[in-house]
2 protein chains.
Amino acid sequence: MRPTARSGRRSGGARSIELGPLTRSIGYMLRRAQITAVAGFLEALKEVELRPTQFAVLLIIRENPGIRQTEFCDALGIQKANFVPLLNHLEWRGLAERRTGTSDRRSCALYLTPRGQELLRRACVLHDAHEARLTARIGKRGREVLLSLLRKLHDPL
Amino acid sequence: MRPTARSGRRSGGARSIELGPLTRSIGYMLRRAQITAVAGFLEALKEVELRPTQFAVLLIIRENPGIRQTEFCDALGIQKANFVPLLNHLEWRGLAERRTGTSDRRSCALYLTPRGQELLRRACVLHDAHEARLTARIGKRGREVLLSLLRKLHDPL
DNA sequence: TATTGTTATACTCTATAACTATA
DNA sequence: TATAGTTATAGAGTATAACAATA
């Protein structure tokens, strides 16, 4: 799974792959780091059976109780059509719920169930441990620098 | 992991979404930055009609002429089954080619065609411009720091 | 007429098992 | 028997169009 960066041949006769300019590409290195991070996330949150997107949805509902689906999708850049099965799954697991809006009966207000709140608390503990393992590789200072750089890459400024 | 400080509503009446701990999550910020980077890549390489994976495949074949498919997949962490249609497409476009191995007739050695080499040169120019735009957001020093941090995140060390 | 949530659909990426032809 | 490449298939993630209920 891990590409090596050096060129030449190994003693066993197997070829060591030359990645060339890719190791100097922000895009490619971002992708590799993200693949590693996702794998670690899945391993860390296996106990609560949450994928990264599901974890993010629960967190954002907790931070924004009563948020409507369209609001959610606009903020996160998710297509509203794709949000439906995602939320269906969380509702089916009894972690989140839709409540039909009182003022606008077209819309649904989203809330965590007590069970969702409980699971999310446990998920946050596991997620913190996962983040701590990532931080251990780059140091606390490195983590702050990384978050700052990633924010700059994303924001239009 | 700490929640961020701000919350509340915007003046226009639209709700300002609270992302909470997500903005302090390496995993989430990696994902957001990568989405931005991929969008920029697609825009930058539209002219040559190469997606990030296709660009990476052409580059690695150029750096490792004669590489076999299994070697390639082992090094890049791609499933060999998924590599087949990927390579079929590049071959169909006349950019790369399989040559049946002389010593082992089960395997294919991969090469760029002259047209593939030409297109890749142009693609590299476009890719460099894209990387320069990313670098402009974080500075040359920031870029070096970022690449170093991303490498540390990926490598087991 | 416009908007919210929904359905249907399609295309990409990824993951696994089983097949073929060679070794 | 083991391996290289292939096929088939299934699951996620993502994109657009169109529909019903409501505004």
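Remember, it's a predicted structure, so these values are computed and weren't measured experimentally. Lettering of chains follows the sequences in order, A, B, ..., and the numbering in each one begins at 1. Hydrogens, waters and symmetry mates play no part in the numbers below; they use all other heavy atoms, side chains included.
- Ion pairing of Glu131(A) with Arg133(A) is absent here, as no side-chain N (NZ or NE/NH1/NH2) approaches a carboxylate O to less than 4.0 Å.
- Per the geometry, CD belonging to Glu91(B) stands 13 Å off C1' belonging to dT6(D), to the nearest Å.
- Between Leu22(B) and Met29(B), the shortest heavy-atom contact is O-CG, 4.1 Å.
- Within 4.0 Å of Arg31(A), counting heavy atoms only, lie sugar-phosphate atoms of the nucleic acid but no base atom.
- Residue Leu90(B) contributes atom CG, which lies 13 Å from atom P of dT12(C) at whole-angstrom precision.
- Between Phe41(B) and Phe55(B), the ring centre distance stays below 6.0 Å.
- Note: CD1 (Ile78(B)) to P (dA15(C)) measures 11 Å, nearest angstrom.
- Taking only distance into account, the side chain of Asp104(B) never meets the base of dA4(D) through a donor-acceptor pair shorter than 3.5 Å.
- Lys80(B) places its NZ atom 16 Å from the C1' atom of dT14(C), with the value rounded to the nearest Å.
- Between Lys46(A) and Glu43(A), at least one side-chain nitrogen of the basic residue sits less than 4.0 Å from a carboxylate oxygen of the acidic one, meeting the salt-bridge criterion.
- Remark: Arg98(B) is in phosphate contact with dT6(D), judged by side-chain N or O atoms under 4.0 Å from OP1 or OP2.
- Between Asn82(A) and Thr102(A), the one whose closest nucleotide on DNA chain D sits nearer the 5' end is Asn82(A).
- Side-chain atoms of Arg106(A) come within donor-acceptor range of the base of dT3(C), with a qualifying N/O pair under 3.5 Å.
- Checked for salt-bridge contact, Glu144(B) and Arg24(A) meet the test: a charged N lies under 4.0 Å from a carboxylate O.
- Distances shown here put a side-chain N or O of Thr70(A) below 4.0 Å from the OP1 or OP2 atom of dG5(C).
- Following rounding to the nearest Å, Leu42(A) (CG) and dG11(D) (P) show an atom-to-atom distance of 17 Å.
- Per the geometry, CD belonging to Glu71(A) stands 9 Å off P belonging to dG5(C), to the nearest Å.
- Each of Gln79(A) and Ser103(A) was matched to the nucleotide of DNA chain D holding its nearest heavy atom; the match closer to the 5' end belongs to Gln79(A).
- The separation between Arg51(A) atom CZ and dG13(D) atom C1' is 9 Å, rounded to whole Å.
- With dG5(C), dT14(D), dT7(D) as the candidates, the nucleotide lying closest to the side chain of Ala81(B) is dT7(D).
- The nearest whole Å value for the distance from the CD atom in Glu97(B) to the P atom in dG5(D) is 15 Å.
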